[in-house]
Amino acid sequence: MQANPEFMRQAIELANENVTSGSGGPFGAVIVRDGAVIATGANCVTKGNDPTAHAEVVAIRNACRDLGSFSLEGCVIYTSCEPCPMCLAAIYWARMDGIFFSGTAADAADAGFDDAFLYDELTRPMRDRSIPSEPLLKERGRESFDVWRSFVQRVDY
């Protein structure tokens, strides 16, 4: 995996422009395949009232839409800051080949974007988390998976 600083500069500029234009938070992302930018994204959580609209997720959505695929194998992402847990999971689900980031989670925390509590929450038993969760209709919990397994036209991912 060979890094290209120009793509990181683009991600950082996207983040800066996003702030100065009033569009959202200080985060930008660029997705690259075969040495070419295929998609970009900037944080638009507050602009779109969407807590999942982080720069990396926006870039992944744009890339998948443009490529007509849910898989971004062969792609790498350049992001202005170390991905949060949600974005990291999205990058893995998209099957990207690599991640390059500039700012760290500590840098983000210093600016008021602290996601350390999410890592803590994941280590707690469900009953002890700040948002309680519990199973319901557990006897039907596998039903949809059984339907999935028997559906011949499914698209595995």
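- Note that the CZ atom of F113 and the SG atom of C84 stand 11.5 Å from one another [nearest 0.5 Å].
- Nearest heavy-atom pair across G41 and V58 is CA-CG1, 3.8 Å.
- When atom types are taken as modelled, the side chain of N18 and the backbone of A42 share no donor-acceptor pair closer than 3.5 angstrom.
- Between the side chain of S80 and the backbone N or O of A15, no donor-acceptor pair lies under 3.5 Å.
- Every salt bridge (Lys or Arg N to Asp or Glu O under 4.0 Å) that D146 has, sequence neighbours left out, goes to R149.
- One finds the CD atom of E82 at 14.5 Å from the CZ atom of F100 (value rounded to the nearest 0.5 Å).
- Looking at heavy atoms from C-beta onward, F70 lies out of side-chain contact with W93 at the 4.5 angstrom threshold.
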*Output, in order, the C-alpha distance, side-chain angles, deciding distance and verdict of side-chain contact (heavy atoms from CB on, under 4.5 Å) for V32 and C75.*
CA-CA 5 Å; V32 175; C75 297; over 6 Å; no
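- Between the CZ atom in F145 and the OG atom in S150 there is a gap of 13.5 Å [rounded to 0.5 Å].
- For residues 37-64, the set of pairs meeting the salt bridge (charged side-chain N to carboxylate O under 4.0 Å, His left out) definition, not counting sequence neighbours, comprises D50-R61.
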Output a table of donor-acceptor pairs, distance under 3.5 Å, between side-chain atoms of residues 4-13 and any protein atom two or more places apart or on a different chain; print 'none' if there are none.
{"residue": "N4", "atom": "OD1", "partner": "E6", "partner atom": "N", "Å": "2.9"}
{"residue": "E6", "atom": "OE1", "partner": "R9", "partner atom": "NE", "Å": "3.2"}

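- Screening residues 19-32 for salt bridge (charged side-chain N to carboxylate O under 4.0 Å, His left out), with sequence neighbours left out, gives no hits.
- Not a single donor-acceptor pair under 3.5 Å links the side chain of N43 to the backbone N or O of G24.
- Residues satisfying the salt bridge (Lys or Arg N to Asp or Glu O under 4.0 Å) criterion with R140, sequence neighbours excluded, are E143.
- Here the side chains of V76 and M96 are not in contact, with every heavy-atom distance at 4.5 Å or above.
- Side-chain contact between V147 and S144 is absent, with no heavy atoms from C-beta onward closer than 4.5 Å.
- Both I99 and I31 sit in one connected hydrophobic cluster of ILVMFWY residues. Membership requires side-chain heavy atoms under 4.5 Å apart, directly or through other members.
- Shown here for P83 and I91, the closest heavy-atom pair between the two residues is CG-CD1, 3.9 Å.
- Considering only heavy atoms from C-beta on, I38 stays 4.5 Å or farther from N62 through its side chain.
- At least one donor-acceptor pair closer than 3.5 Å links the side chain of R33 to the backbone N or O of E73.
- Remark: the backbone N or O of D107 is not paired with any side-chain donor or acceptor of D110 at under 3.5 angstrom.
- Taking 4.5 Å as the limit, every side-chain heavy atom of S130 sits out of range of all side-chain heavy atoms of F117.
- Rounding to the nearest 0.5 Å places CG of L72 at 9.5 Å from CG of D97.
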*asked:* For S71 and S69: C-alpha separation, side-chain torsions, deciding distance, then whether side chain to side chain donor-acceptor pair (under 3.5 Å) applies.
replied: CA-CA 5 Å; S71 174; S69 175; 4.9 Å; no
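- Residues satisfying the salt bridge (Lys or Arg N to Asp or Glu O under 4.0 Å) criterion with E121, sequence neighbours excluded, are R124.
- In this structure, NE2 on H54 lies 12.0 Å from CD1 on I60, to the nearest 0.5 angstrom.
- Looking only at side-chain heavy atoms (C-beta outward), L137 and E139 come within less than 4.5 Å of each other.
- The two residues L14 and A29 come nearest to each other via the heavy atoms CD1-O, 3.6 Å.
- Minimum heavy-atom separation, P51 to V45: CA-CG1, 3.9 Å.
- No more than 12 heavy atoms of other residues, nucleotides or ligands shown are found within 6.0 angstrom of CZ on R142.
- Counting heavy-atom neighbours within 6.0 Å of Y92 OH, excluding the residue itself, gives a total of 12 or less.
- The ring of F101 has its center no closer than 6.0 angstrom to the ring center of Y78.
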